[in-house]
Trainee: 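Submitted below is the structure of interest, expressed as structure tokens.
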2 protein chains.
Amino acid sequence: MSAAATARREIPEASVARLPGYLRALTSLARDGIASVSSEELAAAAGVSSAMLRKDLSHLGSYGVRGVGYDVERLASEITSALGLTQDWPVAIVGMGNLGRALAAYRGFAERGFRVIALLDGDPRVVGEEVAGQRVRPMADLPALVTEEGLAIGVIATPSDGAQQACDDLVAAGVRSVLNFAPAVIAVPDGVVVRKVDLSTELQILAFHGQRVAVEEVVAP
Amino acid sequence: MSAAATARREIPEASVARLPGYLRALTSLARDGIASVSSEELAAAAGVSSAMLRKDLSHLGSYGVRGVGYDVERLASEITSALGLTQDWPVAIVGMGNLGRALAAYRGFAERGFRVIALLDGDPRVVGEEVAGQRVRPMADLPALVTEEGLAIGVIATPSDGAQQACDDLVAAGVRSVLNFAPAVIAVPDGVVVRKVDLSTELQILAFHGQRVAVEEVVAP
DNA sequence: AAATGTGAACGCGTTCACAGCC
DNA sequence: GGCTGTGAACGCGTTCACATTT
């Protein structure tokens with residue numbers, strides 16, 4: 001195995017999760033014509049500590065210059081490469097309810113190299129409808145999307161009771177990366193990565209903190 | 001200070017983040033007419049280990065029965081109370097672009113006790129438009145929403161360059177809990193809690209894993 | 001007998017602090 | 001002199017394993 005692949009594999013998950021933030025900050029700096037940054041500056045732009053930034057970057061390799069800082073273009077390119085963003089990633093969205101339609105129309109994906117190549121739904125009454133300029137396709141189309149179009153990432157936007165089935169279909173077709181918006185726990189075989197985004201959970205966590213503040217105010221005004 | 005308030009404050013953040021998942025699993029069990037669960041069963045339903053579940057619940061108090069398990073209704077009620085979900089939480093969404101409109105139309109919020117009481121936008125051309133049955137209001141309405149309607153949670157769905165301003169307006173009006181969908185780091189004073197949801201970041205993390213798999217397959221087919 | 005609640009062990013992630021290099 | 005890269009220290013969160021309780 002090559003050294004690059006080895007290094008790449010050993011990046012801790014927590015670091016990987018911060019790399020997109022660093023990349024965004026670097027892109028913004030580059031747009032402002034800034035050619036070089038210190039870890040202190042970049043960390044501030046990304047909202048982390050400089051020590052954490054340096055430790056994170058050290059997992060990618062040694063791309064800084066002591067006494068100087070990091071070359072903005074170079075570092076952006078290294079992170080892009082480490083994240084695997086040099087290629088386009090075809091994405092399919094499953095579930096054309098409220099949220100699915102919203103995601104289909106959301107332009108933020110395309111901006112970062114994610115092409116929504118298909119919208120799918122398990123309900124035959126929805127299949128064929130036009131959403132965000134695409135015709136909604138049946139789940140049976142999934143295998144062909146994987147083999148012919150290189151589909152690699154599935155987004156689940158079904159109601160919670162359909163999430164497991166949708167995921168099973170995606171995995172059976174060969175998709176190994178899933179972003180789950182349904183408020184449900186889904187089981188997958190080894191080798192498949194699932195990330196979950198749950199809007200209600202986020203609000204519930206905020207409610208907890210809001211309540212905590214309210215309690216404090218009553219107790220110690 | 002009451003014991004309940006003290007205990008509530010000491011729940012570790014990581015545990016708080018899992019409570020909504022437990023609550024969801026319990027609600028589902030209750031709907032199926034199940035009155036009692038063991039930590040093993042509930043943990044499986046929530047997708048965590050039984051040891052972690054028990055440790056998490058121990059922060060709330062001692063609501064299980066040794067040798068028996070947990071009463072579903074009782075535990076659901078305790079978690080509801082710990083999270084502060086006995087009351088309704090008024091929410092405002094700022095930024096009526098693509099994502100903001102989608103969130104405004106999303107019904108998942110209301111189902112869990114979050115009332116979207118206002119949609120706002122900083123652009124006068126958007127103010128007055130009707131979105132999801134509500135008239136879009138100007139940012140100047142924020143202070144009145146806080147004092148008169150008890151607005152407590154703000155959702156930022158602006159483009160990234162408007163996020164800090166939107167957040168500043170929310171905080172100035174008295175909002176202490178913010179859910180940020182904009183791909184930007186925002187600064188807030190102490191006492192204000194911000195949670196961030198970034199769809200592109202999630203996809204980028206998935207891309208990393210997808211690429212890792214691809215590399216492995218080339219190296220060790 | 002069965003399952004909770006919890007101290008102790010463990011491991012990961014973050015921060016510290018400084019050696020090393022420009 | 002200044003800033004990176006990193007071993008060491010630290011702290012938090014998870015898991016283990018069992019004493020405790022019904």
Side-chain angles (χ1 to χ4, degrees), chain A residues 3 6-22 25-26 29 34-76 78-79 82 185 205 208, chain B residues 3 6-22 25-26 29 34-76 78-79 82 185 205 208:
Chain A
T6 306
R8 205 174 283 144
R9 177 160 0 170
E10 283 164 6
I11 305 175
E13 187 63 29
S15 287
V16 172
R18 284 186 292 267
L19 292 181
Y22 303 153
L26 286 165
L29 289 170
I34 294 165
S36 176
V37 269
S38 67
S39 64
E40 202 71 54
E41 294 163 334
L42 182 54
V48 301
S49 75
S50 64
M52 190 147 88
L53 171 74
R54 289 198 304 276
K55 178 78 73 173
D56 284 342
L57 295 184
S58 75
H59 295 120
L60 304 185
S62 190
Y63 301 124
V65 180
R66 290 167 198 244
V68 178
Y70 300 89
D71 180 274
V72 170
E73 296 277 0
R74 170 83 195 284
L75 187 54
E78 293 294 345
I79 294 178
V185 176
I205 296 169
F208 171 81
Chain B
T6 307
R8 201 173 289 142
R9 171 150 17 158
E10 284 164 6
I11 304 175
E13 187 63 27
S15 287
V16 172
R18 284 185 293 266
L19 293 180
Y22 303 153
L26 287 165
L29 290 170
I34 294 166
S36 177
V37 272
S38 66
S39 64
E40 202 71 51
E41 295 163 332
L42 182 55
V48 301
S49 76
S50 63
M52 191 149 88
L53 173 73
R54 290 199 302 277
K55 178 77 77 178
D56 283 343
L57 295 185
S58 76
H59 295 120
L60 304 185
S62 190
Y63 300 124
V65 180
R66 288 164 199 245
V68 178
Y70 300 89
D71 181 273
V72 171
E73 296 277 0
R74 170 82 195 285
L75 186 54
E78 293 295 345
I79 294 178
V185 176
I205 295 169
F208 171 81

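Just so it is clear, the structure is predicted and the values come from calculations on it, not from any experiment. Below, chain A is the first sequence line, B the second, and so on; all start at residue 1. Values below: every heavy atom of this structure, side chains too, minus hydrogens, waters and symmetry copies.
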Trainee: Of all the choices, D:dT6, C:dG5, D:dT22, which nucleotide is nearest to the side chain of B:Val65 once you look at every atom?
Mentor: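 Out of D:dT6, C:dG5, D:dT22, the nucleotide with an atom closest to B:Val65's side chain is D:dT22.
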Trainee: Counting heavy atoms from C-beta on, name the nucleotide in D:dT14, C:dT15, C:dG13 closest to the side chain of A:Met52.
Mentor: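 Nearest to the side-chain atoms of A:Met52, counting from C-beta on, is C:dT15.
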Trainee: Would you kindly give the OH-to-P distance between A:Tyr63 and D:dT4, to the nearest whole Å?
Mentor: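 Computing the A:Tyr63:OH to D:dT4:P distance gives 16 Å.
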Trainee: Show me the side-chain donor-acceptor pairs of residues 68-76 of chain A shorter than 3.5 Å, one per line, residues at least two apart or across chains.
Mentor:
residue, atom, partner, partner atom, Å
A:Asp71, OD1, A:Glu73, N, 3.3
A:Asp71, OD1, A:Arg74, N, 2.8
A:Arg74, NE, A:Glu78, OE2, 3.1
A:Arg74, NH2, A:Glu78, OE2, 3.2

Trainee: Please determine whether a side-chain nitrogen or oxygen atom of B:Ser39 lies at a distance below 4.0 Å from atom OP1 or OP2 of C:dA3.
Mentor: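 Checking B:Ser39 against C:dA3: no side-chain N or O falls below 4.0 Å of OP1 or OP2.
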Trainee: Rounding to an integer number of Å, can you tell me how far A:Lys55 NZ sits from D:dT4 C1'?
Mentor: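 It is 12 Å, rounded to the nearest whole Å.
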Trainee: Grab the CG-P distance between B:Leu57 and C:dA3 for me, whole Å please.
Mentor: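 Going from CG in B:Leu57 over to P in C:dA3 covers 16 Å.
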Trainee: Any salt bridge (Lys or Arg N to Asp or Glu O under 4.0 Å) involving residues 43-55 of chain A? Give me the pairs, sequence neighbours left out, ordered by first then second residue.
Mentor: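 Residue pairs passing salt bridge (Lys or Arg N to Asp or Glu O under 4.0 Å), neighbours aside: none found.
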Trainee: Please report the distance, rounded to the nearest Å, between CG in B:Leu19 and P in D:dG13.
Mentor: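 Those two atoms, CG and P, are 13 Å apart.
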Trainee: B:Ile11 CD1 to D:dC12 P: how many Å, rounded?
Mentor: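 One finds 17 Å between P of D:dC12 and CD1 of B:Ile11, rounded.
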Trainee: Let me know, please, whether A:Ala51 or A:Glu13 comes out on the 5' side of the other along DNA chain C by nearest nucleotide.
Mentor: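 Going by which nucleotide is closer to the 5' end, it is A:Glu13.
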Trainee: How many Å lie between CD on B:Glu10 and C1' on D:dG13, as a whole number?
Mentor: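 From B:Glu10 CD to D:dG13 C1': 16 Å.
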Trainee: NA contact type, A:Ser49, heavy-atom cut-off 4.0 Å: base, sugar-phosphate, or nothing?
Mentor: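 Result for A:Ser49 = sugar-phosphate.
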Trainee: Quickly work out the A:Leu53 CG to D:dC3 C1' distance and round it to whole Å.
Mentor: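 Atom CG in A:Leu53 sits about 12 Å away from atom C1' in D:dC3.
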Trainee: Below 4.0 angstrom from OP1 or OP2 of C:dA17, is there any side-chain N or O of A:Arg54?
Mentor: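 Looking at the OP1 and OP2 atoms of C:dA17, neither is under 4.0 Å from any side-chain N or O of A:Arg54.
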Trainee: Between D:dG5, D:dT15, D:dG13, spot the one nearest the side chain of A:Ser62, thanks.
Mentor: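 Shortest atom-to-atom distance from the side chain points to D:dG5.
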Trainee: Please name the pair of heavy atoms, one in B:Gly21 and one in B:Ala46, separated by the smallest distance, quoted to 0.1 Å.
Mentor: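 Result for this residue pair: O-CB, 4.3 Å.
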Trainee: Does any donor-acceptor pair link the side chain of B:Arg66 with the base of C:dT4 at a separation under 3.5 Å?
Mentor: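 In this structure, the two groups form a donor-acceptor pair.
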Trainee: OP1 or OP2 of C:dC22 versus the side-chain N and O atoms of A:Tyr70: is any pair under 4.0 Å?
Mentor: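 The answer is no; no side-chain N or O of A:Tyr70 sits under 4.0 Å from OP1 or OP2.
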Trainee: Taking all non-hydrogen atoms of both residues into account, name the closest pair between A:Val16 and A:Pro20 and its distance.
Mentor: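 Shortest heavy-atom separation between A:Val16 and A:Pro20 comes out as O-CD, 3.1 Å.
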Trainee: Can you tell me the distance, in whole Å, between the CG atom of B:Leu60 and the C1' atom of C:dG5?
Mentor: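 Interatomic distance, CG of B:Leu60 to C1' of C:dG5: 13 Å.
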Trainee: Below the 4.0 Å mark, does D:dC3 have OP1 or OP2 next to a side-chain nitrogen or oxygen of A:Ser38?
Mentor: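 Checking D:dC3 against A:Ser38, no side-chain N or O comes under 4.0 Å of OP1 or OP2.
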Trainee: List the atom of B:Glu40, the atom of B:Ser50, and the distance in Å for their closest heavy-atom pair.
Mentor: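 The answer is OE1-OG, 3.5 Å.
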